[in-house]
**Q** 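Following this message is one structure expressed as structure tokens.
Bear in mind that the values here come from a model prediction, so they are computed numbers and not experimental data.
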Amino acid sequence: MRGARRKTPSRSQRTGKSLFGKPFDGGKRMDHGGPQDQPQHPTEHQQPYHPQHPAMMRLYEVQKEVSTLGPQVCTFSGLQNDREYKRMERELTQLLLQVDQVDTEGKLELQGARKRAAQEVEGLLRYLEENASHPSRLAIEELSNAARQLLDERVVAPQRAGGVAEINDELVDALQEIILRLTQIKTEGRVPLRKARYRALTRLCAVQEVLEGRTPQQTLSLPLSGETHEAVNCINQVMVKVSMARSQLLALLMGLSGRDSCAHLSRILTEMQVELDALDVSGNAAIRNYRKQVVEEINGLLKHLDLEGEGDDTRRYDLAQNNSIREIEAVRAHVSHLREGVLRHCVTGDLRCKAELQSLLTHLDQVDTAKNPCIREARRRAVVEVQAVITFLDLREALLRRQPSPDEHPSHRAVWLVLGSLSDLQAQVLGFDGKRADKSYMILEELLTKQLLALDAVDPQGDESTKAARKQAVKFAQNILNYLDMKTDEWEY
């Protein structure tokens with residue numbers, strides 16, 4: 001096998017264009033070859049090779065095969081132990097061997113063409129390996145495995161054993177934490193990593209929605225008695241099947257079911273709907289409502305069964321051109337402009353500025369996230385940016401209007417002194433535009449921590465107003481620290 005160094009695919013490879021540039025064309029240069037590799041005009045010692053030359057024909061066949069494999073490699077989002085990875089690796093390795101076996105007859109032009117062909121194949125091999133073993137890809141898989149283990153222990157395994165699934169707020173919160181950590185994984189703009197992160201997020205969000213929809217249902221009254229109407233027994237039996245189907249759906253979404261498929265479960269749920277539709281429940285509003293509730297539960301499960309192809313459309317996970325993201329970025333740009341004006345002029349009583357900020361919050365609330373967790377996180381962060389400026393203005397205004405009475409409690413006065421320091425520090429945090437490794441970041445973090453310690457040292461001495469003020473000041477200081485962390489965590493869509 002040739003020992004040429006592998007290279008990462010170029011833009012043309014990532015977009016699925018011909019990996020060799022233009023097809024081989026006799027004596028013309030290939031796109032990847034420079035003038036030093038091949039003369040544009042043949043001399044009497046080096047005649048152009050016709051496309052029918054055996055070596056050129058074989059290399060052209062390799063080009064067609066690579067052009068087919070290229071888009072598959074550049075959008076593959078799996079791991080090295082996946083069957084699809086092994087297939088592409090095997091086919092690319094075979095192509096590399098075929099290129100190495102092309103007889104160049106010692107001619108420089110053919111040697112150059114063969115070298116470029118080998119580099120293209122090796123570049124794809126390297127790109128495939130880099131993405132499948134990238135630390136971010138492994139982090140995505142680690143979090144996905146943590147979610148699978150959690151769901152298996154708390155929901156899937158107990159129901160398979162004939163027990164009751166343990167679903168509560170603690171489980172939902174644990175999943176939410178995993179989702180948040182997934183949104184914070186860096187993809188470096190790589191399509192395979194974006195795709196892997198998006199597919200993991202969509203499944204986890206679907207699981208979370210199923211669980212959140214089921215939690216309150218456990219507290220509902222028991223199904224109606226079969227003596228009420230002859231259709232009730234049938235609805236009760238369907239309800240038991242729905243409960244089992246929900247567990248199967250969670251297993252499917254998390255890859256915990258080796259035998260079932262989304263199509264199979266969809267057929268089962270559809271048959272339940274047909275069975276319910278055939279029931280005669282006319283004249284009894286309570287039974288109609290009961291049936292309607294069960295039908296709605298089935299519809300809620302069916303809408304999550306179309307995730308097998310989710311993530312194949314690049315518009316879903318490559319959010320640079322997403323309209324909602326554009327709206328959010330436009331709001332952030334507006335907030336940045338307002339923030340600069342506030343910090344420059346120390347505006348505190350400008351009602352127009354506050355009104356603009358409030359209108360931006362309203363705008364963000366109306367942004368359609370399409371249940372995309374990355375868009376939701378982008379919107380949440382934009383909301384935090386707006387709220388940070390609003391709270392800064394509110395505190396500055398409160399400090400200016402403050403008129404302490406002569407008999408003010410000393411502890412209460414101490415809290416206000418800390419709030420004055422926090423206001424100055426918040427101004428610095430709002431204007432901070434560095435990284436966590438910067439000295440200015442570490443200084444700000446240390447100063448904010450000192451203010452928290454100062455608040456902790458305040459003794460209310462039984463004064464209720466001081467207790468409330470200190471509690472509010474502690475929350476305010478923690479919010480500033482969280483905002484500073486958010487500004488420097490290098491989050492991406």
Side-chain angles (χ1 to χ4, degrees), residues 147-176 202-310 371:
R148 289 190 193 99
Q149 183 178 354
L150 183 66
L151 265 295
D152 192 30
E153 292 176 353
R154 302 280 291 276
V155 180
V156 178
Q159 287 213 339
R160 283 178 177 171
V164 178
E166 185 182 352
I167 300 176
N168 49 34
D169 291 341
E170 181 184 348
L171 175 60
V172 175
D173 291 343
L175 280 175
Q176 179 59 40
T202 51
R203 279 156 177 73
L204 274 180
C205 287
V207 167
Q208 187 182 39
E209 189 172 341
V210 170
L211 293 179
E212 287 177 340
R214 181 182 177 180
T215 302
Q217 292 166 7
Q218 292 181 334
T219 62
L220 294 176
S221 58
L222 293 174
L224 296 175
S225 169
E227 299 176 357
T228 305
H229 194 283
E230 59 182 7
V232 172
N233 280 331
C234 184
I235 300 176
N236 290 345
Q237 292 173 5
V238 171
M239 230 184 146
V240 174
K241 295 178 185 177
V242 170
S243 180
M244 295 175 60
R246 186 183 294 106
S247 179
Q248 292 174 354
L249 173 61
L250 294 175
L252 281 169
L253 290 172
M254 298 308 299
L256 295 170
S257 176
R259 293 175 298 174
D260 297 329
S261 68
C262 288
H264 175 67
L265 183 56
S266 178
R267 285 195 296 271
I268 293 176
L269 291 169
T270 303
E271 289 172 1
M272 294 182 197
Q273 285 183 321
V274 173
E275 186 177 352
L276 290 172
D277 288 340
L279 294 177
D280 180 14
V281 295
S282 58
N284 193 314
I287 298 177
R288 282 203 304 271
N289 290 334
Y290 180 32
R291 182 179 68 174
K292 179 181 178 182
Q293 177 186 352
V294 179
V295 169
E296 287 176 351
E297 289 187 39
I298 294 174
N299 289 333
L301 299 181
L302 279 170
K303 72 178 182 180
H304 295 300
L305 286 173
D306 59 350
L307 290 178
E308 287 186 331
E310 186 69 41
K371 295 185 179 180

**Q** Measuring from atom CD1 of I287 to atom CG of D280, what distance do you get when rounded to the nearest 0.5 angstrom?
**A** 9.5 Å

**Q** Atom OG1 of T270 and atom CG of L265: how far apart are they, to the nearest 0.5 Å?
**A** 9.0 Å

**Q** Looking at every non-hydrogen atom in both residues, tell me the closest pair between I235 and R291 and how far apart they are.
**A** CD1-CB, 3.9 Å

**Q** CG of L204 to CD of Q176: how many Å apart, nearest 0.5 Å?
**A** 10.0 Å

**Q** Identify the two heavy atoms, one from L269 and one from I298, that lie closest to each other, and give their separation to 0.1 Å.
**A** O-CG2, 3.7 Å

**Q** What residues form a side chain to side chain donor-acceptor pair (under 3.5 Å) with Q149, not counting sequence neighbours?
**A** E153

**Q** Once you round to the nearest 0.5 Å, how far does OG of S266 lie from CG of L249?
**A** 10.5 Å

**Q** Not counting sequence neighbours, which residues clear side chain to side chain donor-acceptor pair (under 3.5 Å) with E271? List them please.
**A** none

**Q** For R154 and L171, work out which heavy atoms get closest and say how close.
**A** NH2-CB, 3.7 Å

**Q** Going by the rule salt bridge (Lys or Arg N to Asp or Glu O under 4.0 Å), which residues pair with R148 if we only count those two or more places apart in sequence or in a different chain?
**A** E141

**Q** Would you name the heavy atoms of V155 and P158 that are closest together and state the gap between them?
**A** O-CD, 3.4 Å

**Q** Do you know the tightest heavy-atom contact between Q208 and V172?
**A** NE2-O, 3.9 Å

**Q** Is any side-chain heavy atom of L302 closer than 4.5 Å to a side-chain heavy atom of Q273?
**A** yes

**Q** Is any side-chain heavy atom of V240 less than 4.5 Å from a side-chain heavy atom of N236?
**A** no

**Q** Atom CD in Q248, atom CG in L301: separation rounded to 0.5 Å?
**A** 10.5 Å

**Q** To the nearest 0.5 Å, what is the distance between CG on L279 and OH on Y290?
**A** 11.0 Å

**Q** Salt bridge (Lys or Arg N to Asp or Glu O under 4.0 Å): which pairs involve residues 233-245, sequence neighbours left out?
**A** K241-E275

**Q** Quick one: list whatever passes side chain to side chain contact (heavy atoms under 4.5 Å, CB included) with N289, sequence neighbours left out.
**A** none

